[in-house]
Amino acid sequence: MEEKKKVRQLNPLKFRAAIFDNMLSEDVGYSNYSYWRSTLRTFFKNKAVLALVVLIVLIILMGFIYPIVSSEDPNKASLLPLTWNQRPSWEHWFGTDTLGRDIWTRAWYGVRNSFLLAFCIALSDVGIGMIVGAIWGYNKKLDPIMIEIYNVITNVPSTVYLVLLAYIMNTSYLTLFISMASRGWIVEARFFRNRILSIRDSEYNVASRCLGTPMRRIATKNIIPQIISLIIMEAALCIPYSIGNEVFLGFVGVGLPVEAITLGNIVNQGRASFTLHPYQMLLPTIILCIITVAFYVIGNKFADASDPRNHI
Amino acid sequence: MKRFVAMLLTLVMALSLTACGNSGEEEPGDVTQDQTPEEILNNADDIMNRDFEDVYKTYFSSSYASFNYFTTSYATVREIIANCIDGLVEPDIYGVYVPSLAESWTSNEDQTVWTFKIRQGLKWVDHTGAETEYELTAQDFVDGIRYIGDPLNGAYSLRVIRDLISGLYDYYWTLDDIDSGLITDQNREDVVASFDDMVGVRAVDEYTVEYTLESSAPYFLSLIESSMLLLPVEYDYAMELGADFAVDNEHMLYCGAYYVSDFQRDKAITLTANPHYWDKENVTIETVEYQMIPDGTTSLEMFERGEIDYTTVEAEAYLSLQDTEWADNLLPTSHSFSTNYLWLDFAGDNPEFNIFINNENFRKALQYGLNREAVASLREPVDPSRILRNTINAEGAIYDSNGVDYTDYSPLKEIKETDYNQPELARQYMEAAIEELCDEEGNIIGCEAGTVDYLPVCSFDVDGKLPVTICYVGTDDESEIIMAQLFKAMLEESIGAEYIDFQIQAYSGWTYGTVADPLNYDIYFDSLSTGYADPSGLLTRMTTDGAENVGCYEVPEFDALVEKALAADNFEDRLQYFAEAEAYLCEGAYLIPFISSLRGYYMSYSVPYTSPLTLYGNTKYKGTLVMDEPLTIDEYNTLTAAYELERAEALGANG
Amino acid sequence: MGKYILKRTVNSLITVIIVFIVVFMLLRLMPLSGYFPQEVLKETDEATRMSYLRNQGLLDHPLVQLWRFVKNLFHGDLGRSLTVYPQVPITTLLAEKIPVTAAFGFSSMVLGIILGLSLGLLMVRFKDKWGDRLGTGYILAVRAIPNLIYLFFIQVWISKWFGLPMVFYEDQPSSWILPVICLSLSSIAWYALWLRRFMVDEENRDYVKFALVKGLPKKEVWKKHIFKNAIIPLVVYLPSDLLNIIAGSLVIESLYAIPGTGGLLTTAIKSQDNNLVQVIVLMYAVTSVVGVFLGDLLVAAVDPRIKLTEEG
């Protein structure tokens, strides 16, 4: 606002406001620079990242394909005590659990369910968070109210309302989803609000605005691409976090039905007999670790790759 | 008196026979098999003549706060109190009741009035082990009843005592009605002042206390052993402290073998031998150290490192210890009077289950469909059959005056000996039930589709067709979830998944208030324990309007038999009618008892058979000997065999 | 400055009050039967239970209860625990438990800072070499492996290898080692990660390049400029650790049998010990708000560029 006032006070003979020229504004040094192509190129230049992406795609594919192909019922308990807690063998690659169920089979069902759940949560956290964050960042009057809401939500222990929620609702995927998504959005919103503010007010955007570029153009060309890379990074980090969170919620009593197979559930069940049958934890833990590491690295590297300064 | 000793003799005989038989089966190398009685006794003497430690280190697993023995429901507190506050009588190592705070006792002919002579000159002791000015008198026992008779003090598990001691029931409910405003024409103070006239407990003189009971109670001494509510209290002291009474070790008084010398909440408790104890020459351990270990695996590990002297060994751990240096130290646990049941919900919200549960064939299908041995294998991998139990009251808990076990009374004996693991029979029963309740397309007659509201536990849709939807509710404890999944597998296999759809709900938090009480379940898992030497303890609570009838079944035949038993002229008739009642309930599968709560094995440094044989109450450390090495199974077998011989001799001499 | 502090204090107070009222009212939504352990529920009838609730004042209107609590609060009376530690005064409880947790929290914070900063420095010093990889590996491992698994591993096996006690004993100093290490594992990762990031950021700043070009010794620049500037953003989080110091860790305290505050809130909520819950929530809210506030003041104190004004 202030810049405009100053422009008016300047001597029109010495200074003229430049007329915005659509053609000229496209006329830059790098003629065929495409932000997204460069981002992806930088991203995939790193071989380790490429390997991780392939690995994670394989794991997820396996999680979705195996349950369709396999005829083994992952919940089928055996009545013969001899088949309980078997060590790994050709028949059961990773052994059987306390009730003789095949751990290999259960792990893939777990991958599928956990991943779907985590994906939904990432979507809601980042989606709602971004919209609220944009409004919050855009409207200064909202700021004190939003900060108060943020303070209150982050200060009320989640256990308090989770227990209440558990009282009102079933143990189901929906309950779990609601309880896991109940807090993440405001944290994301604050994060996006800060980022949007800092990008909007960064020097090159201020300069661009002074030169008369319309806000819409700044938003689409300068702010949104940066935000999108942030969105992808946040969503990627959300996934391992929500898989881990499942375990805690089970403890509070808003977990999943007993029959539901998720990585969190499997790890939780194996914990009881961890010292006696460590191999039961092996596969689920490895998969969990790979997912966490992969999304973490992918998220960070993508954030690096999306920084135009790293594009040359 | 003679009859009583005879009864106990048989009781203990029977108990040890089962224990002995079992250990023989499990351990083919039982060292005592080929030995003469002399050799056994000599070997046992060798063990008993070693040097023993004077510290015993054990653990507890859940935190708790209060030592108030009248209100607590925590097992560890009850165990500590059993060692810190003596009752009128206690069992000796053979389970025969011997004088404790009472020097002698008598009862009238029909066992409704019991008189106890109290030891003279005993003083209450504080948490430093110093004597206080308070003397232990008959009045302290009267005041114990006075304390629990006031509803505001919130005594735990009051019902049995309240209904047994004459006048206490009326006293309690009058006070309660005044508190809730139902009675306005009486003054609370006046009612409280009338306690001595109303209630059947009085101090005849300073050292004589007399209990007058509503009905004949030959089991009264076992009730003294098991119930905390008959313990004495220094009333003025407790009243002065009010809400602070027994919140920690400094706010209470002791009169038992130990006092709580150190108390760190959620961490450690130390019991120190009471220097002013009346029987202090028989107190062998100077200090009992409890520490909190929240996790079972940790306790096993800590035992192996010698940091604690006792640990339970669960089935899985038992198997993994087989090839280790500890294999010789695994000892079988001997008995548990607690029984695990499945409760069936007769009044729930699930229309499919409601129609079927009122059909006896369906209930029998459930009863015969359980593979009890498979469930038992979760706890006892070697010999699962030794923890099966088909009856409500435990075997070996109740004997008549001729020494006959209650569970050997006619109709109950057949139940006890039935093999319920018969999947084919289960399926036949189910088909018979379907024949009666469904039309040809598999629609359940008279059942409408709809949504079952068991919130906050769960809610689900039923379609009014086969398969019958069954909602099993258990806690979210890991081992209980595993058991539930086993139930599902075995029932769907024996009865058929096309006939039943078994759904498991694991609910955390207080299950009774949210699950059982509001009938938010179809099948529910629970355990109950025979608390003293009479079937009434459990059976009177299971009548149509009984407190323990959480499934809301209505069985007038059972109620009538219980009434008949309570009105019986002698103890044998009483047991006979109770046995018929219990058999009726089990036969009709109104609830399904299936295994005892016994959990496999343990390892310990303490010598067995050296402390009082507390069958109904909590472990006492008085007399316990602690070795510097863990007990081995050979030593255990030797001591067990020697114990049998000595006991036969001791009780024989008495009889 | 004074005006700023006053305003912040008023704002913080408002947050605390809102949080407390929200929690207080939420707790009153819980069912009345929840006030009784199941053994008690079984043995008592409706009338007895209601008279107990009436005696405890739990049947009064929530606002009346709120007023009574506030009134007692000003007399230093926090009430008595209802279900978890029946009849024990809450002040006694907290006075027993907070020092234990605080001692562990404080030691682990010191350890976390020392090791975390050292690891961070190592990572920057050997950037893209072994030091960096070691640090990244550690950070990833802490994040990826489910914490229950490595905590269990440390308790059972590490304690065996080094002959350390498995649980905490007050009179045995060596029993402190494992719990403190476990408590600091994730904060080490946190400090290392951010110190590295901030130092790398500073390293690329123009003033650093200028200083080096000017001929200042590299060591000097690192010590006086890069490290100092990188550490400032970390300082802001120090007081927030206050909350962690008194709140404790549920899992670690339970594994090592530390009689602290770790599981207190969760247990209290699950057993519906409303008196205890509201006190703990109040305490946590005050601590965390004060923590954030102190953080801002601390940054202003160490960073001459930041001035606390209305703009904040």
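In what follows, every chain begins at residue 1, and chains take the letters A, B, ... in the order their sequences are listed.
- Between the Lys267(B) side chain and the Ile258(C) main chain, no donor and acceptor come within less than 3.5 Å of each other.
- For the atom pair CE of Met302(B) and OG of Ser159(C), the computed distance is 9.5 Å after rounding to the nearest 0.5 Å.
- If you measure heavy-atom distances from Leu182(B) to chain C, you find no contacts under 4.5 Å at all.
- With no hydrogens or angles considered, no side-chain donor-acceptor pair links Tyr85(C) and Asp248(B) at under 3.5 Å.
- When the shell of 6.0 Å around CH2 of Trp67(C) is examined, it contains 12 or fewer heavy atoms from other residues, nucleotides or ligands.
- Only the backbone of Tyr256(C) comes within contact range of chain B, with at least one heavy atom under 4.5 Å from a heavy atom of that chain.
- A salt bridge links Glu301(B) to Lys160(C): one of the charged nitrogens lies within less than 4.0 Å of a carboxylate oxygen.
- Considering only heavy atoms from C-beta on, Tyr169(C) comes within 4.5 Å of Glu307(B) through its side chain.
- The number of heavy atoms from other shown groups lying within 6.0 Å of CD (Glu170(C)) does not exceed 12.
- Interatomic distance, CD of Glu96(C) versus CG of Asp266(B), reported as 8.5 Å (0.5 Å rounding).
- Side chains of Thr92(C) and Arg265(B): no donor on one and acceptor on the other come within 3.5 Å.
- With a 4.5 Å cut-off on non-hydrogen atoms, Val100(C) does not touch chain B at all.
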